[in-house]
Amino acid sequence: MSIRVRYAPSPTGEPHVGNLRSALFNWLLARRHGGRFIVRIEDTDQSRKVEGSVAQTLDALRWLGLDWDEGPEAGGAFGPYYQSQRLDRYHEAADRLLAACAAYTCTCTPQRLADLRKAQQKRKQPPGYDGRCRKLSPEERAQEREAAGAHVVRFAMPEAGETLVEDAVRGQVRFENPLLDDFVILKSDGFPTYHLANVVDDAAMEISHVLRAEEWLPSTPRHLQLYRALALRPPIFAHLPIILGADGGKLSKRHGATSVAHYRAEGYLPEAMLNFMALLGWSLDDKTTYLSREELVAGFALKRVGKTGATFDLDRLEAMNGHYVRALAPDQFAERLRPWLEDGLPPSVVRPLDGARLRAIGPLVQERIKRLTEVVDLTDFFFLEEPLSYRNKDLMGKGFRDNPSGALHALETTRATLAPLSTWDAGAIESALRALAERLELKPGHLFTPIRVAATGKTAAPPLFETLALIGRTQTVQRLDAAAGRLARPDD
RNA sequence: GGCGCAUUCGUCUAGCGGCCCAGGACACCGCCCUCUCAAGGCGGAGAUCGCGGGUUCGAAUCCCGCAUGCGCUACCA
């Protein structure tokens, strides 16, 4: 059997981590077995539609490298891929069900439904539609339809028996039919609900496997009954473990960012995001943590999808991102830095940034950052012309604590040592400064701290000698002078 | 309230009857390296496998209860 899977987002906002995780698993299954990955837009809820979310969704897929074989922009033989353009198919299906008495029109008002629910809850009964309109005769229903003007179509669930869901990750799950109420399949605005549209389209698009989040498991028996009533063959279902926030609840806005675009903007790499998401509910074996896209494809198997909820652990994501940052080829890393620097540096810095300079800076910071955004704070001094800001306390460091004159002397002798240096490179600077430390009878670290802060404005910075070499002699001397000047006037 | 799913170190997980007094990764702690910060190397601590009963020569692994958590219970998906 050829594998056809789909990602079926509804365009109600920026794509969520949980959604994209589902997309990823579907994509992996397709790529692993040479199947097709389809994107279908489930825009059946007119009221929740958010402008631009389809574009955002496609962007997220592209960013993660999840290419689709059919869907928006790609086309395909099973289109259209927007449910809002497939309304006739849902009506055809609903008509068939109506004709077969597997569905009926319902004119109960939202008010009646709300009251019903309230009363049921008060009596501690399971809430659900009571089947009022189902009990009516066809003539009565026709009458009410006319009188009401608007109606919905409800599916007539079997009133007895049970529905067995065969789930690829959970095994058999049993549901009692009488406990499932007659759900709406066609809304009064003529649009289908998820249940109908999903079933009709999955069948029409010959979807072989439905990998979706666990929250869908309870509605699967309804879907199965729909397949049966429509004489369609159901796909293989696999319900993916839910993604939890740090507090153990379902991941949602209150846990912080849930949109993948946010993580992209925060400087996470797509390869890290992909790897991280793949491990939310799946594992290759007992020890493999880092997997490339290719390894994920080669290793993915439904049998290795877990059943237990996976917590979205930001620390782990960040650690993985650091790993992927370090793994980048130096030139590639340098170029990836560019957008973040050009975005984060003050306007006084001339754009575009010089590529050679980026490539020189790259190696100094590559193993020091976990997220690309961090590069701005770590390297701004390479680009700034204006005076740096820092505290005199930091300038003196541990070695010259409460000893401004000592620090001053260190800076002045450093200047005197570096200014006339015949060769300006990291090696020459290092031997000069180490010799100086020895001459001043200072621990190297104690001497280097004031120099570092003077040159970079920071207590934690890239390696000193390479940094000075890159900054250049002129600016190094300038900054040493500026620091020496400041030591005379205490500021904190 | 009902129905469903789940329950192994703080986190992600490995484990599908003996190889496990439970393995890996992240985080944490210590040491080494070291000009700061990282990275890297080495080591450490951390889970009586939710609880209680069974089945079995033997259970984290199978069965039954209970507890807890989560999900669903819309003319939302």
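Quick note on labels: first sequence line is chain A, next is B, and so on, each numbered from 1.
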Can you see whether A:Arg212 engages A:Thr220 through a side-chain donor-acceptor pair at a distance of less than 3.5 angstrom? yes

Any chance the side chains of A:Gln83 and A:Asp201 put a donor and an acceptor closer than 3.5 Å? yes

Under 6.0 Å from the ring centre and within 45 degrees of the ring axis: does the NZ or CZ of A:Arg154 meet both conditions for the six-membered ring of A:Tyr129? yes

What protein N or O atoms touch nucleotides 60-64 of chain B N or O atoms at under 3.5 angstrom, if any, and at what distances?
none

Nearest whole angstrom, please: distance from the [atom2] of [N] to the [atom1] of [X].
X: A:Glu166; N: B:G4; atom1: CD; atom2: C1'; value: 16 Å
X: A:Leu279; N: B:C12; atom1: CG; atom2: C1'; value: 7 Å
X: A:Phe312; N: B:U13; atom1: CZ; atom2: C1'; value: 17 Å
X: A:Lys307; N: B:G69; atom1: NZ; atom2: C1'; value: 18 Å
X: A:Ile243; N: B:U13; atom1: CD1; atom2: C1'; value: 15 Å
X: A:Asn275; N: B:C26; atom1: CG; atom2: P; value: 12 Å
X: A:Met277; N: B:U13; atom1: CE; atom2: P; value: 15 Å
X: A:Asp315; N: B:A25; atom1: CG; atom2: P; value: 17 Å

Taking the six-membered ring where the residue is Trp, are the ring centres of [X] and [Y] under 6.0 Å apart?
X: A:Phe448; Y: A:Phe465; value: yes
X: A:Phe191; Y: A:Tyr90; value: no
X: A:Tyr104; Y: A:Phe155; value: no
X: A:Phe312; Y: A:Tyr263; value: yes

For A:Glu144 and A:Arg132, run salt bridge (Lys or Arg N to Asp or Glu O under 4.0 Å): C-alpha distance rounded to whole Å, both residues' side-chain angles, the deciding distance at 0.1 Å, then the answer. CA-CA 12 Å; A:Glu144 292 208 348; A:Arg132 191 197 86 107; 2.5 Å; yes

Where each residue is assigned the nucleotide of RNA chain B containing its nearest heavy atom, which of A:Trp282 and A:Glu176 is assigned the position nearer the 5′ end? A:Glu176

Students often get this wrong, so: under 4.0 angstrom with heavy atoms, is [X] touching a base, only sugar-phosphate, or nothing?
X: A:Arg170; result: sugar-phosphate
X: A:Gly281; result: sugar-phosphate
X: A:Lys398; result: nothing

Euclidean distance for [atom1], [N] against [M] (whole angstrom):
N: B:U13; M: B:A60; atom1: C1'; answer: 14 Å
N: B:A27; M: B:C9; atom1: C1'; answer: 12 Å
N: B:G30; M: B:A45; atom1: P; answer: 15 Å
N: B:C19; M: B:C64; atom1: P; answer: 25 Å
N: B:A59; M: B:C49; atom1: C1'; answer: 11 Å
N: B:G46; M: B:C28; atom1: C1'; answer: 9 Å
N: B:U56; M: B:U73; atom1: C1'; answer: 41 Å
N: B:A14; M: B:U8; atom1: P; answer: 11 Å

What pair of heavy atoms forms the shortest contact from A:Gln225 to A:Pro158, and how long is it? OE1-CG, 3.4 Å

Evaluate the criterion salt bridge (Lys or Arg N to Asp or Glu O under 4.0 Å) for residue pair A:Arg21 and A:Glu214; output intermediate values, then yes/no. CA-CA 12 Å; A:Arg21 193 275 314 254; A:Glu214 186 186 341; over 6 Å; no

Does [X] make a side-chain N or O approach to OP1 or OP2 of [N] shorter than 4.0 Å?
X: A:Arg371; N: B:A38; value: no
X: A:Arg174; N: B:C3; value: no
X: A:Thr311; N: B:C12; value: yes

Pick out the pairs of N or O atoms, protein on one side and nucleotides 33-37 of chain B on the other, that lie under 3.5 Å.
{"unit_1": "B:C35", "atom_1": "OP1", "unit_2": "A:Arg434", "atom_2": "NH1", "d": "3.1"}
{"unit_1": "B:C35", "atom_1": "OP1", "unit_2": "A:Arg434", "atom_2": "NH2", "d": "2.6"}
{"unit_1": "B:C35", "atom_1": "O2'", "unit_2": "A:Arg452", "atom_2": "NH2", "d": "3.4"}
{"unit_1": "B:C35", "atom_1": "O2", "unit_2": "A:Arg452", "atom_2": "NH2", "d": "2.1"}
{"unit_1": "B:C35", "atom_1": "N3", "unit_2": "A:Leu464", "atom_2": "N", "d": "3.3"}
{"unit_1": "B:U36", "atom_1": "O4'", "unit_2": "A:Arg452", "atom_2": "NH1", "d": "3.2"}
{"unit_1": "B:U36", "atom_1": "O2'", "unit_2": "A:Thr459", "atom_2": "O", "d": "2.9"}
{"unit_1": "B:U36", "atom_1": "O2", "unit_2": "A:Ala461", "atom_2": "N", "d": "2.7"}
{"unit_1": "B:U36", "atom_1": "O2", "unit_2": "A:Ala461", "atom_2": "O", "d": "3.0"}
{"unit_1": "B:U36", "atom_1": "N3", "unit_2": "A:Ala461", "atom_2": "O", "d": "2.6"}
{"unit_1": "B:U36", "atom_1": "O4", "unit_2": "A:Pro463", "atom_2": "N", "d": "3.4"}
{"unit_1": "B:C37", "atom_1": "O2", "unit_2": "A:Arg368", "atom_2": "NE", "d": "2.6"}
{"unit_1": "B:C37", "atom_1": "N3", "unit_2": "A:Arg368", "atom_2": "NE", "d": "3.1"}
{"unit_1": "B:C37", "atom_1": "N3", "unit_2": "A:Arg368", "atom_2": "NH2", "d": "2.9"}
{"unit_1": "B:C37", "atom_1": "N4", "unit_2": "A:Arg368", "atom_2": "NH2", "d": "3.3"}

Kindly indicate, with the supporting measurements, whether the criterion salt bridge (Lys or Arg N to Asp or Glu O under 4.0 Å) is fulfilled by A:Arg316 and A:Asp313. CA-CA 5 Å; A:Arg316 183 175 163 95; A:Asp313 182 358; over 6 Å; no

Need the pair for [N]. Rule: Watson-Crick or G-U wobble, both distances under 3.5 Å, any strand; none if unpaired.
N: B:U11; value: B:A25
N: B:C35; value: none
N: B:C19; value: none
N: B:G50; value: B:C66
N: B:C72; value: B:G2

Nearest to side-chain heavy atoms of A:Leu179, which nucleotide of B:G2, B:A77, B:C12: B:G2

Testing B:A77, B:A27, B:A14 for proximity to the side chain of A:Ala319, the answer is B:A27

I'd like a list of close polar pairs between nucleotides 72-76 of chain B and the protein, N/O only, cut-off under 3.5 Å.
{"unit_1": "B:C72", "atom_1": "OP1", "unit_2": "A:Lys250", "atom_2": "NZ", "d": "3.1"}
{"unit_1": "B:U73", "atom_1": "O2'", "unit_2": "A:Pro127", "atom_2": "O", "d": "3.4"}
{"unit_1": "B:C75", "atom_1": "O2", "unit_2": "A:Ser188", "atom_2": "N", "d": "2.7"}
{"unit_1": "B:C75", "atom_1": "O2", "unit_2": "A:Ser188", "atom_2": "OG", "d": "2.7"}
{"unit_1": "B:C75", "atom_1": "N3", "unit_2": "A:Ser188", "atom_2": "OG", "d": "3.0"}
{"unit_1": "B:C76", "atom_1": "OP2", "unit_2": "A:Lys187", "atom_2": "NZ", "d": "3.1"}
{"unit_1": "B:C76", "atom_1": "O2'", "unit_2": "A:Asp45", "atom_2": "OD2", "d": "2.9"}
{"unit_1": "B:C76", "atom_1": "O2'", "unit_2": "A:Arg48", "atom_2": "NE", "d": "3.1"}
{"unit_1": "B:C76", "atom_1": "O2'", "unit_2": "A:Arg48", "atom_2": "NH2", "d": "3.1"}

Less than 4.0 angstrom from a charged side-chain N to a carboxylate O is my criterion; do A:Arg40 and A:Asp202 meet it? yes

A:Ile361 CD1 to A:Glu466 CD distance, which is reported to the nearest 0.5 Å: 13.0 Å

Would you please test A:Arg486 and A:Asn392 for side chain to side chain donor-acceptor pair (under 3.5 Å) and show each step? CA-CA 7 Å; A:Arg486 290 178 49 140; A:Asn392 282 8; 3.3 Å; yes

